[in-house]
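Data first, discussion second: the structure below is written as structure tokens.
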Amino acid sequence: MSYTLSQKEHQASLKLSNHQRYQYFIDKVVAHGEIWSLANDEGWVTLTSEGDNCLPVWPHADYAAEWATGEWEDCAPKVVPLDVWLERWTAGLTADETYLVVFPNLKEEALLVEPNELDEALREAME
């Protein structure tokens, strides 16, 4: 983990609106070069939203860890370096028709975006 997430920042960021959390995600991912999700021995966790296959992503392991309960209790946070994400994941997720649930809060609220949309936002923020 490249940075320590304070409890105060953790709690405050979860109270942001979906759009504000999306921007927070972009800012933190670009600053620290990491995208987090959940995985187990069988692979990455996905969920279904309105019939679409989706991968939840977070800017820090601590957020992902909060979701490792219930049917996902055998999962753990797993990092994807930003350069690897941009190089391989966008194309792979697009080919698999998988959307991204960007930084869902504990009420399961988040923006649902296409991989290319997130890729573009990350690249713009890196400039």
Side-chain angles (χ1 to χ4, degrees):
M1 245 175 286
S2 62
Y3 69 102
T4 301
L5 180 65
S6 73
Q7 191 64 20
K8 183 178 178 181
E9 181 179 355
H10 185 131
Q11 294 304 318
S13 59
L14 288 174
K15 293 176 183 173
L16 299 171
S17 72
N18 291 345
H19 289 281
Q20 290 170 323
R21 279 195 324 284
Y22 179 81
Q23 189 58 55
Y24 176 93
F25 174 89
I26 297 293
D27 294 343
K28 290 295 184 182
V29 166
V30 168
H32 301 287
E34 300 175 338
I35 294 179
W36 291 86
S37 193
L38 287 173
N40 61 18
D41 293 340
E42 298 173 22
W44 296 94
V45 162
T46 58
L47 50 93
T48 303
S49 177
E50 298 178 18
D52 293 316
N53 194 39
C54 303
L55 176 75
V57 291
W58 294 272
H60 193 279
D62 289 357
Y63 298 113
E66 291 180 311
W67 281 70
T69 62
E71 65 182 282
W72 295 349
E73 67 187 3
D74 65 334
C75 297
K78 188 169 179 180
V79 68
V80 179
L82 178 57
D83 59 336
V84 173
W85 182 275
L86 295 173
E87 182 180 314
R88 297 196 302 246
W89 279 67
T90 299
L93 291 166
T94 301
D96 292 343
E97 297 181 357
T98 300
Y99 289 85
L100 297 163
V101 178
V102 178
F103 195 3
N105 64 16
L106 296 175
K107 296 177 185 174
E108 301 182 13
E109 300 167 332
L111 290 184
L112 184 67
V113 299
E114 293 184 18
N116 288 332
E117 183 180 344
L118 180 61
D119 187 280
E120 185 178 309
L122 289 167
R123 290 178 191 275
E124 284 179 12
M126 292 169 62
E127 292 177 358

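Quantities reported herein were computed from a predicted structural model and do not represent experimental measurements.
Contact detail for Thr98 and Pro115: the closest heavy-atom pair is O-CG, 3.2 Å. Across Asn18 and Ala110, no two heavy atoms sit closer than the pair OD1-N, 3.5 Å. In terms of heavy-atom proximity, Pro59 sits nearest to Lys28 at CB-CB, 3.8 Å. The shortest non-hydrogen separation linking Ala61 to Pro77 is O-CG, 3.5 Å. Annotation for Pro104 and Trp58: closest pair O-NE1, 3.3 Å, computed over non-hydrogen atoms. When all heavy atoms are compared, the tightest approach of Phe103 to Leu14 is CE1-CD2, 3.9 Å.
Ser17 and Tyr22 are not linked by any side-chain donor-acceptor pair at a separation below 3.5 angstrom, with hydrogens and angles left out of the test. Between the side chains of His10 and Glu66, at least one donor N or O sits under 3.5 Å from an acceptor N or O. Residues Tyr99 and Glu50 bring no donor and acceptor atom of their side chains to less than 3.5 Å of each other. If you check the side chains of Asp27 and Gln23, you find a donor sitting under 3.5 Å from an acceptor.
A 6.0 Å sphere centred on CD of Glu109 holds more than 12 heavy atoms belonging to other residues, nucleotides or ligands.
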Checklist line | Verdict with supporting geometry, Leu118 and Ile26, side chain to side chain contact (heavy atoms under 4.5 Å, CB included) | finding: CA-CA 8 Å; Leu118 180 61; Ile26 297 293; 3.4 Å; yes

Check: Between Val80 and Trp36, does a side chain to side chain contact (heavy atoms under 4.5 Å, CB included) hold up when you go through it step by step?
Finding: CA-CA 6 Å; Val80 179; Trp36 291 86; over 6 Å; no

Margin query: If you apply the rule side chain to side chain contact (heavy atoms under 4.5 Å, CB included), what do you find for Glu97 with Asn53, and how did you get there?
Written below: CA-CA 7 Å; Glu97 297 181 357; Asn53 194 39; over 6 Å; no

Check: Are Leu82 and His32 close enough, and set up right, to give a side chain to side chain contact (heavy atoms under 4.5 Å, CB included), and what steps lead you there?
Finding: CA-CA 9 Å; Leu82 178 57; His32 301 287; over 6 Å; no

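If you take SG on Cys54 and CG on Leu47, they are separated by 5.5 Å, rounding to the nearest 0.5 Å. Asp62 contributes atom CG, which lies 10.5 Å from atom CD of Glu9 (distance to the nearest 0.5 angstrom). Rounding to the nearest 0.5 Å places CG of Asp83 at 9.0 Å from CZ of Arg88. Atom CG in Leu122 sits 11.5 Å away from atom CD in Glu127 (nearest 0.5 Å). The CD1 atom of Ile35 sits 14.5 Å away from atom NE2 of His60, with the distance rounded to the nearest 0.5 Å. Separating the SG atom in Cys75 from the CD atom in Glu42 is a distance of 8.5 Å, to the nearest 0.5 Å.
Using modelled atom types, no side-chain atom of Thr90 and backbone atom of Leu86 make a donor-acceptor pair closer than 3.5 Å. Under a 3.5 Å cut-off, the side chain of Thr46 and the backbone N or O of Leu55 do not form any donor-acceptor pair. Not a single donor-acceptor pair under 3.5 Å links the side chain of Trp67 to the backbone N or O of Leu38. With hydrogens and angles ignored, the 3.5 Å screen pairs no side-chain donor or acceptor of Ser49 with any backbone N or O of Asp52.
Between Val102 and Arg21, every side-chain heavy-atom pair lies at or beyond the 4.5 Å cut-off. Side-chain contact check for Val57 versus Trp85: some heavy-atom pair is nearer than 4.5 Å.
For an aromatic pair to be called close, the ring centres must be under 6.0 Å apart, and Trp89 with Trp44 satisfies this.
By the 4.0 Å N-to-carboxylate-O rule, Glu34 lies too far from Lys78 to be salt-bridged with it.
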